[in-house]
Structure formats: C-alpha cells, structure tokens
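What follows is one structure encoded as structure tokens, with my remarks underneath.
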Amino acid sequence: MIIPPALKKGDTIALISTARKIDETDIDLVVQKVKEQGYNVKLGDNLFAVHHQFCGTDEQRTADLQSAIDNDEVKAILCFRGGYGTVRILDKVDFSRLLTNPKWIAGYSDVTALHNLLNSTGLASLHSTMPVNFKSNTDDALISLFAALRNEELTYLAETHKLNRKGTGKGLVVGGNLSMIYSLCGTRYDIDTNGCILFLEDLDEYLYHIDRMMQNLKLGGKLENLKGLIIGGMTDMNDNDTPFGKQANEIIYEAVSEYDFPICFGFPAGHIDDNRTIKLGLEASLSVDEDQVLFKQ
C-alpha cells in the first residue's frame, strides 16, 4: 500500500467538494482552523458552484479533484462535505498521478466512494471529519485529522459496549459508510475485505435497509474472513410503522453472530461530533476486552 508523505509546516491543503454544495459561511472558520495548524489553503475553483443539490456540475467537481491531484504544490486534499455525488465522478478522474505523487485524500460519508477506489488501487486514504463539521467537532476529532496528515501514530481507547465480542485482531483497515459500500458492490470499486479489519458507519437509514445491506455483505462473502469488525456511529436510524424489531447494532451483531472475530460497537467515528480519523488501507491492531477497546494504527 502506498502511504502519502507526512505534511510539513507550510504545505498546501486543497479544499474541494466532490458531492453536495457547500455553505460559504463555513469557509472562514475552516481556513482559520487549517492555518492554525501551519498549513496553507487552496480553494477549488468551483468550491462555491451550485448545480441543483451538487457543488457544481459533474464536470466542475471532476475538474476540482483532478486539479488538486495534478497540482504538485497541493500535498493533501480535504473533501469539504458529503451528501451525494462522489460516485458520479469516479470514472471521470485520472488518479494515476497519485501512484507517483501520492497525497492524502480525506473525508467520510459519501467520500467512501473515493476510499474504495483508492484502497483498491493500492493507495492509503483518511476516513476523517470534513470541513463542514469543523465547527461542531470535538477537539480530539480535529487533533486526529491533523495527526494523521503528519503520519503520526493513532491510538484510541473506546468505551465498552454490551454487544462487543472480545478478542484481538490485526489487519488492513477498509470500509467507511455502509450505504456507499453496498452501492459499489459488484463494481470495479468493490472492496476486498479478506483478512482485513472492516469499519462501518451510517446515518439516517431505515433499519430494514441496514439488515438488507448486512445480508448483502454476508452473502457476498465479505464478513467470513475478517480479522475484526469496528462499528462507528449508526446515527438517526429510522423505522417503519411496523417496527423491524431490532436496533442497528443488534442487526449487525446478528449478521456476524456465526463468526469469531473481535467486534467493537460504538467506536468514535462516523456521523458524530467525535469523528476520529482512521487510516484506511493501512494495518491496525484491535483489542477488545471487558474493560476497554484499544485501537492502534
């Protein structure tokens, strides 16, 4: 796996959006936060473009991502927000430059589409908070983002959960947003989970759909050879008038009940304020016991 070089003081970080349009009022705070860390900021030419719900047309979003990839002065790329739209430009961008001039691409939610593509190509990436969330993030979430950009070690202690399954595991971490992973199953951007630690999170889904997606992963053989499973925020779930009968974490637990790898629920990552950074495509260790959960990368 290709690991981008660590950012140094004075390096430039590009801000783009591959998905939904942004609120311009967020910009000043974001630029301030990045500059406080010692980095310069380059805004995408189309960052304030609007095309229906998107941050500009597919062509404009493609141009911003391509420009950030090709610009040698840009050392990292922060996707400003999620929503929907990244999958529409995957086939339009030439990522080959990253193989010889790698740089961190960071984000979560809809940006999982990029993570799938990059990791399957042999490039590490960052599942992290995004600028749209900077004003509500915890200090630890922001600290973890910039620590990861500097290629520092990440160590997290997570709270125990009644559904956790004890054990230890080591492997490459893959995953991200469950809905996005599900939507890319069977495509060239499908992820390989064999021998990996799988991370999953999601937002605003119906409980029966969580079950549908987990059954898809199970039937597709993506759960049987895991070294560990990490479940982040399963936030603001919905139910029908006739209840499904289980909550999201219970649905996931049932889907993997026949396996014996360690499982951690309630990990601090996903659509939550305390959204800690995970280096996707790189090895991590996961230790789940009665008293605590330890994640090191």
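Along the sequence shown, residues are numbered consecutively beginning with 1.
Taking 4.5 Å as the limit, every side-chain heavy atom of N71 sits out of range of all side-chain heavy atoms of T12. Side-chain contact check for K218 versus E258: some heavy-atom pair is nearer than 4.5 Å. Contact of the I27 side chain with the F80 side chain is registered, since non-hydrogen atoms from C-beta on lie closer than 4.5 Å. Using a 4.5 Å cut-off on side-chain heavy atoms (C-beta onward), F134 and Q32 make no contact. Using a 4.5 Å heavy-atom cutoff, the side chains of L163 and I231 are not in contact. Looking at L117 and F95, their side chains come closer than 4.5 Å, going by heavy atoms from C-beta outward. In this structure, the side chains of Y182 and D202 stay at 4.5 Å or more apart for every pair of heavy atoms. Side-chain contact between T155 and K296 is present, with heavy atoms from C-beta onward closer than 4.5 Å.
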Quick one: do M237 and E205 satisfy side-chain contact (heavy atoms from CB on, under 4.5 Å)? Show the steps, please.
CA-CA 5 Å; M237 294 289 120; E205 284 290 346; 4.1 Å; yes

Let's go through L43 and F48 carefully: what are the C-alpha distance in whole Å and the side-chain angles of both, what is the deciding distance for side-chain contact (heavy atoms from CB on, under 4.5 Å) to 0.1 Å, and is it a yes or a no?
CA-CA 9 Å; L43 303 182; F48 304 122; 4.1 Å; yes

Would L223 and T193 count as a side-chain contact (heavy atoms from CB on, under 4.5 Å) if you check the C-alpha gap in whole Å, the side-chain angles of each, and the deciding distance to 0.1 Å?
CA-CA 7 Å; L223 303 177; T193 63; over 6 Å; no

Run the side-chain contact (heavy atoms from CB on, under 4.5 Å) test on I69 and I77 for me, step by step, so that the C-alpha distance in whole Å, both residues' side-chain angles and the decisive distance to 0.1 Å come before the verdict.
CA-CA 8 Å; I69 289 172; I77 303 169; 4.0 Å; yes

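Placement of I3 and L149 within a single hydrophobic cluster is found when ILVMFWY residues are connected by side-chain heavy-atom separations under 4.5 Å, directly or transitively. In this structure, L178 is not a member of the same hydrophobic cluster as F199, with clusters built from ILVMFWY side-chain heavy atoms closer than 4.5 Å. Each of L154 and W104 belongs to its own hydrophobic cluster when Ile, Leu, Val, Met, Phe, Trp and Tyr are linked at side-chain heavy-atom distances under 4.5 angstrom. V173 and F267 fall within a single hydrophobic cluster, where Ile, Leu, Val, Met, Phe, Trp and Tyr side chains are chained together by heavy-atom contacts under 4.5 Å. No path of Ile, Leu, Val, Met, Phe, Trp and Tyr side chains, each step under 4.5 Å between heavy atoms, connects M213 with L203, placing them in separate hydrophobic clusters.
With values rounded to the nearest 0.5 angstrom, S287 atom OG is found 11.0 Å from K170 atom NZ. Separating the NZ atom in K222 from the CG atom in L198 is a distance of 9.5 Å, to the nearest 0.5 Å. With values rounded to the nearest 0.5 angstrom, S67 atom OG is found 9.0 Å from I16 atom CD1. Once rounded to the nearest 0.5 Å, the distance linking CD of Q215 with CD1 of I210 reads 12.0 Å. The distance from the CZ atom of F295 to the CD1 atom of I230 is 5.0 Å, given to the nearest 0.5 Å. From L99, atom CG reaches atom CG of L118 across 9.5 Å, with rounding to the nearest 0.5 Å.
Of the possible polar contacts, none joining the N164 side chain to the D289 backbone as a donor-acceptor pair under 3.5 Å is found. When atom types are taken as modelled, the side chain of Q297 and the backbone of K279 share a donor-acceptor pair closer than 3.5 angstrom. A donor-acceptor pair is defined here as one N or O able to donate and one able to accept, closer than 3.5 Å; such a pair exists between the side chain of D190 and the backbone of G186. A donor-acceptor distance shorter than 3.5 angstrom exists from the side chain of Q60 to the backbone of T57, with no hydrogens or angles considered. Remark: side-chain polar atoms of K135 are not paired, donor with acceptor, to backbone N or O of D26 under 3.5 angstrom. R165 contributes no side-chain N or O that, together with a main-chain N or O of I263, makes up a donor-acceptor pair within less than 3.5 Å. The main-chain N or O of A68 is found under 3.5 Å from a side-chain atom of K103 such that the two form a donor-acceptor pair.
Listed by chain and number, the residues in a side chain to side chain donor-acceptor pair (under 3.5 Å) with N40 amount to none (sequence neighbours excluded). Shown here are the salt bridge (Lys or Arg N to Asp or Glu O under 4.0 Å) partners of K42, two or more places apart in sequence or in another chain: there are none. The side chain to side chain donor-acceptor pair (under 3.5 Å) search around T25 returns D23, not counting sequence neighbours. Scored by the salt bridge (Lys or Arg N to Asp or Glu O under 4.0 Å) test, E152 finds R150 as partners (sequence neighbours excluded).
Residues C79 and L114 share a closest heavy-atom pair of SG-CD1, 4.0 Å. Minimum heavy-atom separation, D64 to D45: OD1-N, 3.2 Å. Closest approach of N46 and C55 over heavy atoms only: O-SG, 3.5 Å. The minimum heavy-atom distance between R97 and D72, with the atom names listed, is NH2-OD1, 2.6 Å. The minimum heavy-atom distance between V288 and C264, with the atom names listed, is CG2-CB, 4.2 Å. When all heavy atoms are compared, the tightest approach of N151 to P4 is ND2-O, 2.9 Å.
Judged by distance alone, the side chains of D140 and T138 never bring a donor and an acceptor atom under 3.5 Å apart. For the 3.5 Å distance criterion, the side chains of N177 and E201 qualify, holding a donor opposite an acceptor.
Of the options I181, D91, V87, a side-chain contact (heavy atoms from CB on, under 4.5 Å) to Y189 is made by D91 and by none of the others.
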Check: residues 246-257 side-chain donor-acceptor pairs under 3.5 Å, at least two apart:
residue	atom	partner	partner atom	Å
E250	OE1	Q247	N	2.8
S257	OG	E254	O	3.0

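Within a 6.0 Å radius of CD in E290, other residues, nucleotides and ligands contribute 12 heavy atoms or fewer. In this structure, E159 places its CD atom where only 12 or fewer heavy-atom neighbours from other residues, nucleotides or ligands lie under 6.0 Å away. Taking a 6.0 Å sphere around NZ of K9, one finds it holds more than 12 heavy atoms contributed by other residues, nucleotides or ligands. Atom CD of E73 has 12 or fewer heavy atoms from other residues, nucleotides or ligands within 6.0 Å. The neighbour count for N240 CG, taken as heavy atoms of other residues, nucleotides or ligands under 6.0 Å away, is above 12. Around atom NZ of K227, no more than 12 heavy atoms belonging to other residues, nucleotides or ligands sit under 6.0 Å away.
Taking the six-membered ring where tryptophan is involved, the planes of F54 and H51 are essentially parallel, since the angle between them stays under 30° and well short of 60°.
Within the structure, every pair that satisfies the side-chain hydrogen bond (donor to acceptor under 3.5 Å, both in side chains) test and touches residues 107-129, not counting sequence neighbours, is listed here: T86-D110, Y108-N133, S109-H271, H115-S125, N119-S125, T129-N137.
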